[in-house]
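Have a look at the structure below, then the notes.
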Amino acid sequence: MRYATLAVLSGLPQDPHGALGLPIYAVAAYGFATLEEGAERFATGEGYVYARQKDPTAKALEERLKALEGAMEAVALASGQAATFAALLALLRPGDEVVAAKGLFGQTLGLFGQVLAPLGVGVRYVEPEPDRVREVLTERTRAIFVETVANPALVVADLEGLASLAEERGIALVVDNTFGAAGALAKPFQWGGHVVVQSLTKWASGHGSVLGGAVLVRESAIWRNYPQFLERDARGQVPWEALGPRCYPERVRTLGLSLLGMSLSPFHAYLLFQGLETVALRVERMSETALRLAEALRDHPKVQRLRYPGLPQDPAYPLARKYLASGGPVLALDLGSQEAAGRFLRAIPLPKAANLGDARTLLVHPWTTTHSRLPEEGRLQAGVTPGLVRVSVGLEDPEDLLAWFQEGLAAV
Ligand SMILES: *Cc1c(COP(=O)(O)O)cnc(C)c1O
């Protein structure tokens with residue numbers, strides 16, 4: 001089955017009443033009829049016990065995400081941040097290092113700097129290109145971490161090159177595929193990525209109405225190279241021997257859900273499950289509009305520089321053509337100065353917000369918001385200049401958007 005079919009048919013559980021949709025299990029605990037049944041569920045991990053660990057509504061979402069991304073296993077969590085943290089915590093130990101792309105999402109930088117560094121995990125930032133990454137790999141590097149498309153710089157990672165380097169070194173390539181819109185725009189597993197993390201809050205939800213995240217994993221033997229899967233665990237088993245390639249997602253589930261409690265609410269799981277039914281349609285339409293805006297505004301005298309991976313003139317175009325189904329729903333305009341960006345944003349009657357993937361077009365000035373906590377040098381390194389405005393294109397009529405953008409630019 002192809003994407004559009006899987007988006008509406010996959011993951012639906014068998015329902016005793018024949019419900020043609022996903023029922024919400026607003027339930028914390030699941031009962032056992034007998035002592036033996038309780039013992040059995042605890043011993044095998046089969047069936048439901050307590051919603052912090054496993055819940056039928058989230059399970060349906062996980063099944064749908066697996067189908068859409070081509071994953072072996074999926075774990076749904078409370079947010080994209082929770083997903084990134086759980087994915088890395090399950091991989092890393094004190095003394096380990098990660099090689100990560102420059103220009104990552106701001107809170108991912110915060111996670112490395114403020115949470116993982118005090119736990120003894122080091123990080124080195126480079127361009128997401130195989131040759132640059134190879135130069136800084138050491139004996140202690142246990143993962144490569146990149147975003148499919150880092151924004152607002154709109155840099156596309158060379159996923160295939162990075163995956164083969166990771167495979168050669170026996171370490172995991174972890175891809176934040178939030179921009180890949182649950183596989184509608186990009187599928188990192190096709191190119192050899194080992195782990196996908198993503199924020200479902202963005203295009204998967206599609207309406208800016210709910211938070212959610214997921215860790216997805218493809219089948220691989222890479223986990224044999226990690227000591228935590230070769231040593232006896234709390235249950236007395238050696239995870240790689242007992243579970244094979246499922247040892248890693250099982251650890252994500254244990255740490256992220258059972259022990260840290262970063263569980264997804266069943267109400268949110270329900271909305272995300274529904275959001276996935278239209279994500280491909282929405283992203284396709286948003287990408288068409290984004291291309292239209294990019295073409296119309298690229299040579300505007302008030303625009304110093306416009307970045308859109310779908311424009312043949314854009315530096316990201318060759319990699320975007322290879323890895324993305326289209327140019328995507330995000331573009332960035334550099335208007336030259338903070339003052340110019342301020343005038344533009346004041347004149348344009350669209351919401352200004354630090355979010356992506358909403359049905360409404362959202363504009364943000366990264367210099368003073370999403371990236372304001374970084375030192376100036378760090379902002380410039382992430383491609384954030386004082387005049388930059390990021391646009392997450394929504395579902396409005398393209399003619400209305402174009403007219404508003406022209407109005408905004410006239411005010412600059
Ligand atoms: C939003 C975002 C996150 C974090 O997701 P939340 O759901 O907000 O926690 C992580 N990575 C990227 C690329 C994002 O855009």
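Order of listing sets the numbers, starting from 1, for every ligand and every atom in it. A quick note: this is a predicted structure, and the numbers were derived from the prediction, not measured. For this chain, numbers begin at 1 and follow the sequence in order.
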Taking the ring of Phe179 and the ring of Trp203, is the distance between their centroids below 6.0 Å?
yes
Which residues share a side chain to side chain contact (heavy atoms under 4.5 Å, CB included) with Ala78, sequence neighbours left out
none
Identify each donor-acceptor pair in which a side-chain atom of residues 311-327 lies under 3.5 Å from a protein atom, sequence neighbours left out, and give them as a table.
| from | atom 1 | to | atom 2 | distance (Å) |
| --- | --- | --- | --- | --- |
| Asp314 | OD1 | Arg307 | NE | 3.3 |
| Asp314 | OD1 | Arg307 | NH2 | 3.0 |
| Asp314 | OD1 | Ala316 | N | 2.9 |
| Asp314 | OD2 | Arg307 | NE | 2.9 |
| Asp314 | OD2 | Tyr308 | N | 2.9 |
| Lys322 | NZ | Glu160 | OE1 | 2.6 |
| Tyr323 | OH | Asp158 | OD1 | 2.5 |
| Tyr323 | OH | Leu159 | N | 3.3 |
| Tyr323 | OH | Glu160 | N | 2.9 |
| Ser326 | OG | Ser287 | OG | 2.9 |
| Ser326 | OG | Gly328 | N | 3.3 |

Partners of Arg253 by side-chain hydrogen bond (donor to acceptor under 3.5 Å, both in side chains), sequence neighbours excluded?
Glu62
Using a 3.5 Å cut-off on N/O to N/O, what pairs does ligand 1 make with the protein? A line per pair would be great.
| from | atom 1 | to | atom 2 | distance (Å) |
| --- | --- | --- | --- | --- |
| ligand 1 | 5 (O) | Ser199 | OG | 3.1 |
| ligand 1 | 7 (O) | Gly80 | N | 2.8 |
| ligand 1 | 7 (O) | Ser199 | OG | 2.8 |
| ligand 1 | 7 (O) | Thr201 | OG1 | 2.6 |
| ligand 1 | 9 (O) | Gly80 | N | 3.0 |
| ligand 1 | 9 (O) | Gln81 | N | 2.9 |
| ligand 1 | 11 (N) | Asp176 | OD2 | 2.6 |
| ligand 1 | 15 (O) | Lys202 | NZ | 2.7 |

Quiz question: by atom type and distance under 3.5 Å, do the side chains of Thr361 and Glu396 form a donor-acceptor pair?
yes
Can you confirm whether more than 12 heavy atoms, excluding those of Arg343, are under 6.0 Å from its CZ atom?
no
